Amino acid sequence: MTVERRLLSSGPALAWEVTLGPVCVLRHETPGLGVELTYDPAVPRYTITLTRPGGWPARRIFGLRFEGPRGNLITTDRQRIDGPGLTVEDRGFGNVLDGMQGNLRMVAVMGDGALSDIAAVPLEGAAPAVQLFRDCPPQAGA
């Protein structure tokens, strides 16, 4: 059974949406950046896909910088760009989820040396949705 929950923030940002099922999904849209995280407990594998209208520049390094009381910078060279979407996958996303739950803003950065800001999303209202996503039920028998 799949259950969708919409969590509304009190500010101008749109809702963070959580879908719990065989593959759990956390989504959020802003005018300049769409965010979608998935977790497949059967594999296990997490993905994050960031979608922006202008697409993404081809750069060697991609990162997420979290701004706020638990600031952090996470980088990788394993991103995949497909049109307007940029995807990163891994077996663990603890740093990403911690950053989304404990900060005020998430900034996508890219570069070949120095990193430049590409797009940002406010994290207002994200913490309860991220917690639901973290609690994604494992597959029966897994």
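Every heavy atom of this structure was used, including side-chain atoms; hydrogens, water molecules and symmetry mates were not. Because the structure is a prediction, the values reported are computed rather than measured.
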Closest heavy-atom contact between Leu26 and Met100? CD2-CE, 4.1 Å
Carboxylate-amine/guanidinium proximity below 4.0 Å for Glu89 and Arg78: no
Are Phe62 and Ile81 close enough that some pair of their side-chain heavy atoms sits under 4.5 Å apart? no
Considering only heavy atoms from C-beta outward, does the side chain of Pro44 approach that of Arg91 to under 4.5 Å? yes
With side chains defined as the heavy atoms from C-beta onward, is the minimum distance between Leu64 and Ile48 less than 4.5 Å? yes
What one should report as the nearest heavy-atom pair of Gly85 and Thr49 is CA-CG2, 4.5 Å
Heavy atoms of other groups near Asp112 CG, more than 12 under 6.0 Å: yes
Could you check whether any side-chain heavy atom of Ser116 comes within less than 4.5 Å of a side-chain heavy atom of Val109, counting everything from C-beta outward? no
Using modelled atom types only, decide if a donor and an acceptor are shared between the side chain of Asp40 and the backbone of Arg45 within a distance under 3.5 Å. no
Should Val121 and Thr30 count as side-chain neighbours, where that means a heavy-atom distance under 4.5 Å? yes
Side chain to side chain, Arg65 and Asp117, heavy atoms closer than 4.5 Å: yes
dist Met106:CE -> Asn72:CG (nearest 0.5 Å) comes out at 13.0 Å
Please determine whether residues Val96 and Leu115 belong to a single hydrophobic cluster, defined as Ile, Leu, Val, Met, Phe, Trp and Tyr linked transitively by side-chain heavy-atom distances below 4.5 Å. no
Could you give the distance from CD (Glu17) to CZ (Phe133), rounded to the nearest 0.5 Å? 13.5 Å
Which is it for Leu104 and Leu123 under the side chain to side chain contact (heavy atoms under 4.5 Å, CB included) test, yes or no, and what are the steps along the way? CA-CA 5 Å; Leu104 305 172; Leu123 295 172; 5.8 Å; no
Which pair of non-hydrogen atoms, one from Arg27 and one from Thr19, has the smallest distance, and what is that distance? NH1-OG1, 4.2 Å
When you measure from the centre of the six-membered ring of Trp56, is the NZ or CZ of Arg59 under 6.0 Å away and within 45° of the axis? no
Taking the side chain as every heavy atom from C-beta outward, state whether Val25 and Val18 have any atom pair closer than 4.5 Å. no
For Trp16 and Glu124, which heavy atoms make the closest approach, and how far apart are they? NE1-O, 3.2 Å
Of the options Asn95, Ile74, Leu73, which is the one that meets Phe66 in a side-chain contact (heavy atoms from CB on, under 4.5 Å)? Ile74
Any chance you could measure Cys24, atom SG, to Leu37, atom CG, to the nearest 0.5 Å? 11.5 Å
Check Gly21 against Cys136 and note the closest heavy-atom contact, atom names and distance. O-SG, 4.4 Å
Contacts satisfying salt bridge (charged side-chain N to carboxylate O under 4.0 Å, His left out) that involve residues 97-108 (not counting sequence neighbours) are Glu67-Arg105, Asp98-Arg134
Passes side chain to side chain contact (heavy atoms under 4.5 Å, CB included), Gln79 versus Thr76? Steps please. CA-CA 7 Å; Gln79 69 275 11; Thr76 185; 4.0 Å; yes
In the single-linkage hydrophobic clustering (I, L, V, M, F, W, Y; side-chain heavy atoms under 4.5 Å), do Leu132 and Tyr39 co-cluster? yes
Spatial distance of atom CD (Gln131) from atom CG (Leu97) [nearest 0.5 Å]: 9.0 Å
Taking all heavy atoms of Leu50 and all of Ala108, pick out the closest pair and write down the distance. CD1-CB, 4.1 Å
Distance-only donor-acceptor check, side chains Thr47 and Thr87, under 3.5 Å: no
Heavy-atom side-chain contact between Pro57 and Met110 under 4.5 Å: yes
